[in-house]
Chemist: 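This is the structure I want to talk about, given as structure tokens.
Numbering of ligands and ligand atoms starts at 1, following listing order.
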Amino acid sequence: MLFNIFKKNKVEKKRGSQYLSLKVREVVKETEDAVTVYFEQPDPYLDYKPGQFLTLILEVNGKEERRSYSLSTSPYVDPHPGITVKRVEGGLVSNHLNDGIRPGKTIEVMKPMGHFTTDFHSKNKNHFILIAGGSGITPIMGIAKSVLVNEPNSKVTLVYCNRSEDQIIFDTVIQEMVAKNPGRFEVVHTLTQPANEWAGYKGRLDEAKIERILQEHYYPEAGKEIFFLCGPEGLMEASIEALVKLGKDEESIHRESFYTSSTEEAEAKSPSSDGSPAITREVTIALEGESHTYEVGPGKTILEAGLDAGYDMPYSCQSGLCTACRGKLSSGKVKMDQDAGLSASEKEEGYILCCVAHPESGDIKIEIG
Ligand code: FES
């Protein structure tokens with residue numbers, strides 16, 4: 001799953017503790033246009049939760065590019081961590097990863113991040129309903145595998161929409177999981193362009209279809225319902241509408257947004273040209289135990305100005321979604337273009353997203369990380 005697309009001119013910097021290098025172990029072709037890139041375990045082993053993502057930092061055509069991809073593996077099941085990458089038409093990095101990555105290559109990444117996950121316990125009795133569209137299956141796979149191995153009393157229903165049968169990422173693995181977990185794991189496929197002989201659901205996952213599927217696969221005795229949604233925006237909205245209509249507990253709904261826009265579209269979404277204050281302010285950041293003060297000019301975000309000043313601040317999507325640039329405001333006031341990536345409790349605790357934040361006062365101090 002791809003979150004967003006962003007590029008920066010390469011600046012030589014000393015990387016902080018949030019970065020590490022991973023060596024490609026194996027590249028597995030999942031479908032015509034998707035691969036899973038497995039990495040050798042670093043020392044110590046990669047510490048991640050199922051559903052989290054990795055931000056890759058690659059040099060393509062002489063420029064540093066950053067992309068975030070969900071881990072499709074489970075730390076409880078898979079010996080090696082892996083990301084699954086679907087080609088985006090014209091996408092620089094997704095095509096590079098599909099065509100040009102070979103075992104042995106070392107890739108710099110940021111440590112795993114993301115809140116699209118949960119804790120597991122052997123005593124839990126839950127019914128996980130996982131709704132995925134296309135490459136939205138990526139984080140969902142790690143979660144499904146983790147439930148099945150960690151919670152023997154829990155059940156998983158996967159609702160998965162694709163264009164056609166040959167586009168189903170992890171088709172064989174999913175069939176094996178169904179066979180190995182009778183009564184505990186079931187999958188409901190729907191295809192938007194099925195072959196004539198397809199006997200399953202047809203058409204996209206709209207609100208009515210999701211409602212119907214959830215009613216048909218409602219098991220009151222299966223325990224607490226927990227929902228994980230990942231896919232294109234339309235599918236996510238339809239899922240939420242259906243879940244609300246069915247009276248499901250909103251607290252039990254987890255969602256992961258992602259873009260598949262082109263670089264140009266993503267850059268057009270850059271928040272730097274909004275109505276941010278037309279004066280230059282000073283900002284002090286604490287990064288890797290060191291304090292740095294720099295100026296943020298009109299129209300610039302705190303992240304953009306920090307990168308321009310040469311500080312190796314963490315970031316990925318630059319759209320306020322991935323939280324890679326999260327910092328805690330200890331002094332001053334900022335205005336964020338949007339804060340959808342932060343939970344209510346994070347906002348209350350003073351966390352901000354530097355990629356969408358502009359200074360609104362003097363004496364701004366932010367602890368990064
Ligand atoms: S870089 Fe992704 S939220 Fe700021």
Side-chain angles (χ1 to χ4, degrees), residues 1-11 13 15-19 48 51-58 63-71 83 88 93-94 108-117 138-139 230 233 254-261 263 265-274 276 283 285-288 294 296 299-309 311-329 334-347 349-359 364 366-369:
M1 192 202 80
L2 165 70
F3 280 89
N4 201 354
I5 295 173
F6 177 67
K7 65 184 172 191
K8 274 271 160 195
N9 290 331
K10 192 184 177 196
V11 182
K13 296 164 188 155
R15 295 298 192 197
S17 58
Q18 68 271 44
Y19 296 89
Y48 72 99
Q52 286 193 306
F53 62 87
L54 279 181
T55 298
L56 274 60
I57 302 155
L58 292 153
K63 278 194 179 145
E64 180 184 293
E65 305 282 346
R66 294 189 179 211
R67 303 289 189 277
S68 297
Y69 294 102
S70 293
L71 287 143
I83 54 166
V88 174
V93 176
S94 64
E108 192 178 12
V109 304
M110 289 178 68
K111 285 183 174 168
M113 280 181 272
H115 304 299
F116 190 66
T117 186
T138 314
C230 188
E233 210 46 50
H254 307 257
R255 64 193 94 168
E256 186 81 305
S257 300
F258 68 98
Y259 292 131
T260 52
S261 54
T263 302
E265 284 167 338
E267 287 184 340
K269 286 179 188 165
S270 169
S272 57
S273 57
D274 65 0
S276 51
V283 166
I285 56 166
L287 179 67
E288 294 290 321
Y294 60 91
V296 182
K300 287 275 182 186
T301 65
I302 290 170
L303 174 69
E304 284 171 328
L307 293 173
D308 288 348
Y311 301 120
D312 190 21
M313 295 169 71
Y315 70 93
S316 180
C317 73
Q318 267 222 333
S319 300
L321 288 172
C322 74
T323 72
C325 64
R326 196 181 79 149
K328 194 167 186 179
L329 190 67
V334 304
K335 171 178 167 285
M336 281 193 276
D337 299 312
Q338 60 116 335
D339 56 11
L342 292 173
S343 66
S345 60
E346 283 175 311
K347 284 180 225 169
E349 285 171 46
Y351 284 102
I352 63 161
L353 299 172
C354 295
C355 71
V356 287
H358 308 270
I364 288 178
I366 304 162
E367 199 168 316
I368 306 293

Chemist: Holding to side-chain hydrogen bond (donor to acceptor under 3.5 Å, both in side chains), I want the full list of residues that pass it with Y48, two or more places apart in sequence or in another chain.
Modeler: T73
Chemist: List in chain and number order the residues that pass salt bridge (Lys or Arg N to Asp or Glu O under 4.0 Å) with K347, two or more places apart in sequence or in another chain; answer none if no residue qualifies.
Modeler: D339
Chemist: Which heavy atom of K111 sits nearest to which heavy atom of L54, and what is that distance?
Modeler: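 Minimum heavy-atom separation between K111 and L54: C-CD2, 4.4 Å.
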Chemist: Only counting residues at least two apart or in another chain, list the ones meeting side-chain contact (heavy atoms from CB on, under 4.5 Å) with A286.
Modeler: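 Result, side-chain contact (heavy atoms from CB on, under 4.5 Å) vs A286: E367.
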Chemist: Only one of T301, I302, L307 passes side chain to side chain contact (heavy atoms under 4.5 Å, CB included) with C354; say which it is.
Modeler: I302
Chemist: With 2.8 Å as the threshold, which protein atoms of type N, O or S lie near atom 2 (Fe) of ligand 1? Leave waters out.
Modeler: C317 SG, C322 SG
Chemist: Flag the pair K63 and E65 as a salt bridge only when some basic side-chain nitrogen lies within less than 4.0 angstrom of an acidic carboxylate oxygen.
Modeler: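 No salt bridge links K63 with E65.
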